[in-house]
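In what follows, a single structure is set out as structure tokens and then discussed.
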Amino acid sequence: MLERTFCHLKGIGSTTEAKIWQAGVNDWDDILNGASTTLSDAKMNDLEKGCGESKQKLQESDAIWFADRLPASDQWRLYSHFRDNVAYIDIETTGTDAHSCDITTIALWNGEDIKTYVQGKNLYDFEEEIARYPLIVSFNGKCFDVPFIEKYFGIKVEAAHIDLRFVFRSLGITGGLKGIERYFGMDRGDAEGLDGYFAVLLWNEYEMNGDERALETLLAYNVLDSVNLENLMIKGYNLHIERFPQHGLEPIAEKIEPLNPFKAHREVVDGIRAKYSGEGSFRRF
């Protein structure tokens with residue numbers, strides 16, 4: 001889809017892009033080979049330059065160049081070209097304020113390996129790992145995960161970023177990550193019912209009482225938040241290309257979910273629920 005995209009170019013919005021397609025232009029090569037449109041000569045000159053630069057940037061695998069120019073709702077167009085080197089990321093924290101709260105765990109799935117990072121153990125190894133990827137995929141990461149990471153580590157995450165919250169919103173599918181998973185019938189197994197606030201309680205249980213089962217339950221939950229992003233990304237991409245049947249694009253096959261190396265201990269979950277049930281504490285932060 002990326003090679004058929006024009007809305008990242010100067011002066012080209014979605015309406016003009018649609019007019020270009022309606023003129024029978026299929027991709028950048030058509031423009032560079034002299035295809036005609038209803039655009040003015042000045043706009044056509046800009047379009048030809050933009051298509052030439054786009055081809056060069058794609059050959060250089062410069063995902064950031066495209067991400068900087070595409071609207072958030074259209075970042076999904078990057079996926080088919082850059083999906084072989086993606087970091088699907090999710091963080092857990094002690095709260096929502098990056099200035100006063102800590103990152104507790106991070107899960108990263110790259111399509112082959114599950115990597116986890118834990119405060120007090122190997123958390124700072126994440127800084128080197130995330131720098132390896134030209135593209136990251138998250139859910140609400142543009143508003144939460146990435147700003148938190150950048151503040152906490154004192155770094156700039158130099159990667160193109162597809163935020164699935166915006167991908168699905170542009171399809172009319174709204175809600176949080178768990179709600180969208182339920183919309184597509186995705187099952188979380190033993191981690192079903194856990195949320196971001198419960199992740200804080202699990203970390204507290206681990207930190208205060210040294211309960212390794214609480215940490216493992218937190219990591220099981222965190223890993224699911226990361227791993228599930230891949231098939232959600234694929235679902236989002238496939239739903240979007242259905243809106244452009246004129247391009248004849250092939251859907252991407254969904255992946256078999258990898259085995260979660262961590263277990264959610266329901267006895268720990270039940271114990272925490274019993275401890276806090278009388279305080280009205282169960283809410284999403």
Is the Tyr88 to Phe139 ring centre distance short of 6.0 Å? no

Can you tell if the side chain of Glu254 reaches within under 4.5 Å of the side chain of Glu230, non-hydrogen atoms only? no

Do the two ring centres, one from Tyr206 and one from Trp203, sit under 6.0 Å apart? yes

Trace of the side chain to side chain contact (heavy atoms under 4.5 Å, CB included) decision for Asn122 with Thr116: CA-CA 8 Å; Asn122 66 338; Thr116 56; 5.6 Å; no

Decide if atom NZ of Lys57 counts as having more than 12 heavy atoms of other residues, nucleotides or ligands within a radius under 6.0 Å. yes

Looking at Glu128, I'd like to know if its CD atom is crowded, meaning that more than 12 non-hydrogen atoms belonging to other residues, nucleotides or ligands lie closer than 6.0 Å. no

Using a 3.5 Å distance criterion without hydrogens, assess whether the side chain of Asp163 forms a donor-acceptor pair with backbone atoms of Lys142. yes

Which word best sums up how the rings of Tyr237 and Trp76 line up, parallel for under 30°, tilted for 30 to 60°, or perpendicular for over 60°? perpendicular

CE (Met233) and CG (Leu135) are apart, to the nearest 0.5 Å, by 8.5 Å

How many angstroms lie between CZ in Phe168 and CD1 in Ile180, if you round to the nearest 0.5 Å? 6.0 Å

What are the two closest non-hydrogen atoms of Leu218 and Ala199, and how far apart are they? CD1-CB, 3.6 Å

Between the side chain of Asn110 and the main-chain N/O of Glu112, is any donor-acceptor distance below 3.5 Å? yes

Side-chain donor or acceptor of Thr105 paired with backbone N/O of Leu219 under 3.5 Å: no

Does some side-chain heavy atom of Leu123 sit less than 4.5 Å from a side-chain heavy atom of Tyr152? yes

CD1 of Ile136 to CD1 of Ile130: how many Å apart, nearest 0.5 Å? 5.5 Å

Shortest non-hydrogen pair, Lys235 vs Met186, comes out as CE-SD, 4.3 Å

What heavy-atom pair brings Ala160 and Ile64 nearest, and what distance separates the two atoms? N-CG1, 3.6 Å

Correct closest heavy-atom pair for Asn222 and Ala107 would be OD1-N, 3.3 Å

Above 12 or not: heavy atoms from other molecules or residues under 6.0 Å from CG of Asp41? no

Would you give the length of the straight line joining atom CZ of Arg188 to atom CG of Leu177, rounded to the nearest 0.5 angstrom? 5.5 Å

Should His161 and Ser138 be marked as a side chain to side chain contact (heavy atoms under 4.5 Å, CB included) after you check the CA-CA gap, both sets of side-chain angles, and the distance that decides it? CA-CA 8 Å; His161 185 176; Ser138 73; 2.6 Å; yes

All heavy atoms of Ala67 vs all of Leu78, minimum pair found to be CB-CD1, 4.0 Å

Could you walk me through whether Phe66 and Ser54 satisfy the side chain to side chain contact (heavy atoms under 4.5 Å, CB included) test, starting with their C-alpha distance in whole Å, then the side-chain angles of each, then the deciding distance to 0.1 Å, before giving a yes or no? CA-CA 8 Å; Phe66 291 101; Ser54 296; 4.1 Å; yes

Taking every non-hydrogen atom, the tightest pair across Cys7 and Asp74: SG-OD2, 3.9 Å

Answer whether the closest heavy-atom distance between the side chains of Val25 and Thr37 falls below 4.5 Å. yes

I want to know whether Trp21 and Phe244 have ring centres closer than 6.0 Å. yes

If you round to the nearest 0.5 Å, how far is CD1 of Ile89 from OG of Ser226? 8.0 Å

Inter-residue atom distance Thr16.OG1 - Leu47.CG, 0.5 Å rounding: 10.0 Å

Keeping Arg69 on the side-chain end and Leu9 on the backbone end, is there a donor-acceptor pair under 3.5 Å? no

Checking side-chain contact (heavy atoms from CB on, under 4.5 Å) against Ile103, which of Tyr117, Phe126, Phe153 comes through? Phe153

